[in-house]
2 protein chains.
Amino acid sequence: MATGGRAITIRDVARAAGVSVASASRALNGHSNVAEPMRHRVTEAARALHYVPHLGARSLSTRRTGAIGVVLPDLFGEFFSEMIRGIDSAAHRQGLQLLLANMHGDARETETALRAMRGRVDGLIVMSPTVGADFLGRHLPEGMPAVVINGGAAGRSCIVVDSHAGARAAVAHLVERGARKLAHIAGPTDNVDAQERVRGFREAVADLLGDADPIVFQGDFADESGRSAGMALAREAHGVDGVFAANDMMAVGCLDALAESGIDVPGRMMVVGFDDVPIARYARPSLTTMRVAIADIGRRAFERLQSSIDAPASVSAPTERIVPELIVRQSTGGDRQGGARPGLEHTP
Amino acid sequence: MATGGRAITIRDVARAAGVSVASASRALNGHSNVAEPMRHRVTEAARALHYVPHLGARSLSTRRTGAIGVVLPDLFGEFFSEMIRGIDSAAHRQGLQLLLANMHGDARETETALRAMRGRVDGLIVMSPTVGADFLGRHLPEGMPAVVINGGAAGRSCIVVDSHAGARAAVAHLVERGARKLAHIAGPTDNVDAQERVRGFREAVADLLGDADPIVFQGDFADESGRSAGMALAREAHGVDGVFAANDMMAVGCLDALAESGIDVPGRMMVVGFDDVPIARYARPSLTTMRVAIADIGRRAFERLQSSIDAPASVSAPTERIVPELIVRQSTGGDRQGGARPGLEHTP
DNA sequence: CTGTTAGCGCATTCAC
DNA sequence: GTGAATGCGCTAACAG
């Protein structure tokens with residue numbers, strides 16, 4: 001750790017207070033069986049020496065780390081921060097810290113990240129939409145409580161967003177609003193959510209419009225890819241009057257390209273996104289989208305993790321399914337106010 | 001840790017391989033002095049048993065944790081995620097993990113967060129714009145490498161954004177574009193950056209427009225507060241034709257309120273933000289702002305931390321000053337970045 | 001109530 | 001090369 005001049009330990013405190021290490025420990029941790037005068041001497045000594053307990057050592061003996069691991073894919077902007085915010089707000093209340101592992105890629109890296117958690121956290125929240133359930137099942141340290149977001153794992157608590165249903169709902173909305181020819185901007189092919197969204201899109205388009213082979217642009221969840229799709233759409237408008245993007249970032253990029261190309265939204269083309277990240281409200285036109293209460297999911301994931309940490313013998317590990325909710329805004333002509341709905345209640 | 005059935009340790013591996021714990025350790029860590037056959041037996045045993053090293057224990061003996069602590073204030077959305085992204089991208093390359101401490105508040109909590117890092121990280125990146133330099137100086141564990149973002153601390157590496165200069169530049173731009181009466185939407189009063197921004201604003205307005213007492217709305221960095229300021233501005237337009245918001249989120253909220261109230265931006269009122277979070281590009285009108293390369297700062301902070309971890313005897317601890325760069329977009333009539341108004345030629 | 005003794009899981013001397 | 005001790009800093013179980 002490159003400690004300048006050997007950090008001070010509980011032994012130093014004990015010596016300074018003239019007591020045994022055990023007593024110092026007890027006093028410091030507020031145990032009941034300590035005489036008041038001694039407790040005073042100890043805390044005083046600790047303060048004088050600027051003693052800070054070594055949590056690594058403590059957790060080695062208590063078998064409790066006071067931290068939970070969060071492994072996430074390389075998410076884009078707001079989705080990432082919303083998720084963290086949700087998890088953190090709940091974890092913070094319990095005095096737990098978050099050990100982050102934002103992985104930029106493949107399965108091998110996921111494995112590394114998972115291994116790196118051993119002995120450092122009490123539980124895991126894993127969101128790994130690109131690796132199969134079997135993989136997670138194999139590599140999640142056994143005996144380590146965990147909840148998996150968007151991706152099953154045998155015998156684990158799971159929270160999954162129903163991307164398929166969300167996609168269908170988005171298409172239904174577009175059709176209901178009068179769209180007759182739809183296009184989709186898809187997410188990365190190795191992402192299961194993205195896969196489910198294309199699938200739902202295709203199904204719904206076939207069912208509702210009888211179109212068996214709709215246009216699908218290959219995107220990657222980043223705004224730029226939505227932007228190019230929008231450009232392509234503007235150049236060679238194949239008569240498309242409705243676009244469903246697999247996430248909000250791409251939808252916003254698309255919106256931007258359309259505006260730049262002078263295409264009226266929603267007049268000439270309607271757009272629907274997915275996620276409802278904060279930015280969706282502030283795009284112009286504001287974005288109709290399938291809301292996934294991201295922060296809520298994070299909070300929920302933590303709660304389930306918490307209970308599975310507290311009750312090691314968690315019998316059932318039911319999968320919780322979340323169905324996205326349609327939020328209609330200007331991009332499909334649905335808005336009535338200027339776009340932004342009052343957010344959370346503000347403090348005066 | 002609620003380990004289901006006692007997790008397996010290096011002892012189990014050693015026993016299975018029929019060697020001593022020490023040898024197992026050497027073999028597993030790729031030391032040179034191990035006979036090939038033994039190494040094979042050990043790695044094989046480890047794999048068969050699904051052995052995963054206990055990093056907590058390892059760090060206790062190596063005095064290296066392989067993690068760095070990141071303590072941040074309760075930041076809003078994109079600023080937070082950009083910063084994390086910058087730090088993580090650099091840390092990830094070095095195989096280091098991030099222990100997050102997002103603190104929601106006061107100094108006492110900051111202290112707790114700081115203490116909670118002892119023995120769990122090799123170094124600290126602290127961004128704590130609401131606590132004074134003296135506080136940090138007192139509570140940063142001594143002997144623990146650290147770099148401070150936006151807030152000095154004696155003898156520590158610091159990276160500070162020149163909020164004062166940024167604010168002056170924003171005002172200068174507004175004036176140059178023809179604004180004659182300005183208003184400011186301020187950040188939280190206890191935030192030093194927010195303080196510097198008001199100060200810069202006041203100074204510049206006095207210097208450039210001779211206005212000694214400009215309107216200042218009290219905000220809190222959240223979009224809602226920018227929104228209410230925008231509403232107020234729309235209701236009782238005191239002849240204000242230029243607004244400088246202390247961050248982008250508030251600027252965007254303000255923009256939204258103005259649009260809702262039918263006030264033309266930039267025609268009747270211009271708006272400038274601060275930070276240049278990704279959303280700024282996608283607001284309509286797109287937002288002119290003072291760019292702070294957030295992710296870059298995070299990356300930079302990590303690099304400096306890294307070198308101060310490697311070289312315990314880091315002599316100088318110079319403060320690095322970052323001057324925000326003006327990015328002109330539609331909200332001050334400047335366009336050409338991030339989207340276009342129909343009517344302007346655009347082909348690159 | 002207090003001090004002594006044992007580990008927690010691992011890496012690392014130091015002998016052999 | 002390899003194994004037997006020792007210790008990282010702390011808490012817990014056991015005496016007194």
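In what follows, every chain begins at residue 1, and chains take the letters A, B, ... in the order their sequences are listed. These values consider heavy atoms only, across backbone and side chains, with no hydrogens, waters or symmetry-generated copies. Just so you know, these numbers come straight off a predicted model, no measurement behind them.
Below the 3.5 angstrom threshold, one finds a donor paired with an acceptor across the side chain of Arg26(B) and the base of dG3(D).
Distance from the side chain of Thr62(A) is smallest to dA12(D) among dC10(C), dA12(D), dG3(C). Candidate nucleotides dA11(C), dG9(C), dT11(D) were compared by shortest atom distance to the side chain of Leu60(B), and dG9(C) ranks first. Of the listed nucleotides (dG9(C), dT12(C), dG3(D)), dG3(D) has the atom at the smallest distance from the side chain of Val19(B). Among the nucleotides dG3(C), dC1(C), dG9(C), the one closest to any side-chain atom of Met38(A) is dG3(C). The Asn29(B) side chain lies nearest to dA11(C) when the options are dA11(C), dG3(C), dC8(C). Of the candidate nucleotides dC10(C), dA4(D), dC10(D), dC10(D) has the atom nearest to the side chain of Arg118(B).
No salt bridge links Glu111(A) with Arg108(A); every basic N to acidic carboxylate O contact stays at or beyond 4.0 Å. Glu44(A) and Arg41(A) are not joined by a salt bridge, as no carboxylate oxygen comes within less than 4.0 angstrom of a charged side-chain nitrogen. Between Arg85(B) and Asp88(B) no salt bridge is recorded (no basic side-chain N to carboxylate O distance below 4.0 Å). Salt bridge present: Arg300(A) and Glu303(A) bring a charged side-chain N and a carboxylate O closer than 4.0 Å.
The nearest whole Å value for the distance from the CG atom in Asp12(B) to the C1' atom in dG9(C) is 11 Å. dC8(D) atom C1' lies 11 Å from atom CZ of Arg6(A), rounded to whole Å. Rounded to an integer number of Å, the gap from CZ of Arg41(A) to C1' of dC1(C) is 13 Å. To the nearest angstrom, P of dC8(C) lies 15 Å from CD1 of Ile8(B). Regarding Leu28(A), its CG atom lies at a distance of 13 Å from the P atom of dA12(D), rounded to whole Å. In this structure, NE2 of His31(A) is placed 14 Å from P of dC10(D), rounded to the nearest angstrom. In this structure, Arg11(B) places its CZ atom 15 Å from P of dG3(D), rounding to the nearest Å. The interatomic distance linking Asn33(B) (CG) with dA11(C) (C1') rounds to 13 Å, in whole Å.
Using a 4.0 Å heavy-atom cutoff across all strands shown, Ala35(B) reaches sugar-phosphate atoms only and no base atom. At the heavy-atom level, Thr9(A) lies under 4.0 Å from the strands shown only through sugar-phosphate atoms.
Each of Ala22(A) and Ser32(A) was matched to the nucleotide of DNA chain C holding its nearest heavy atom; the match closer to the 5' end belongs to Ser32(A).
For dC8(C), the OP1/OP2 oxygens have no side-chain nitrogen or oxygen of Ser61(A) closer than 4.0 Å. Using a 4.0 Å cut-off, some side-chain N or O of Arg58(A) falls inside it from OP1 or OP2 of dT11(D). The phosphate of dG9(C) has neither OP1 nor OP2 within less than 4.0 Å of any side-chain N or O from Tyr51(B). Checking the phosphate oxygens (OP1, OP2) of dT11(D), a side-chain nitrogen or oxygen of Ser25(A) falls inside 4.0 Å. Phosphate contact (OP1/OP2 of dC1(C), side-chain N/O of Arg39(A), threshold under 4.0 Å): absent. Phosphate contact (OP1/OP2 of dG3(D), side-chain N/O of Ser23(B), threshold under 4.0 Å): present.
Note that CD1 of Ile309(A) is 6.5 Å distant from CD1 of Ile68(A), once rounded to the nearest 0.5 Å.
Exactly one of Met127(A), Met83(A), Glu320(A) qualifies for a side chain to side chain contact (heavy atoms under 4.5 Å, CB included) with Ile297(A). That residue is Met83(A).
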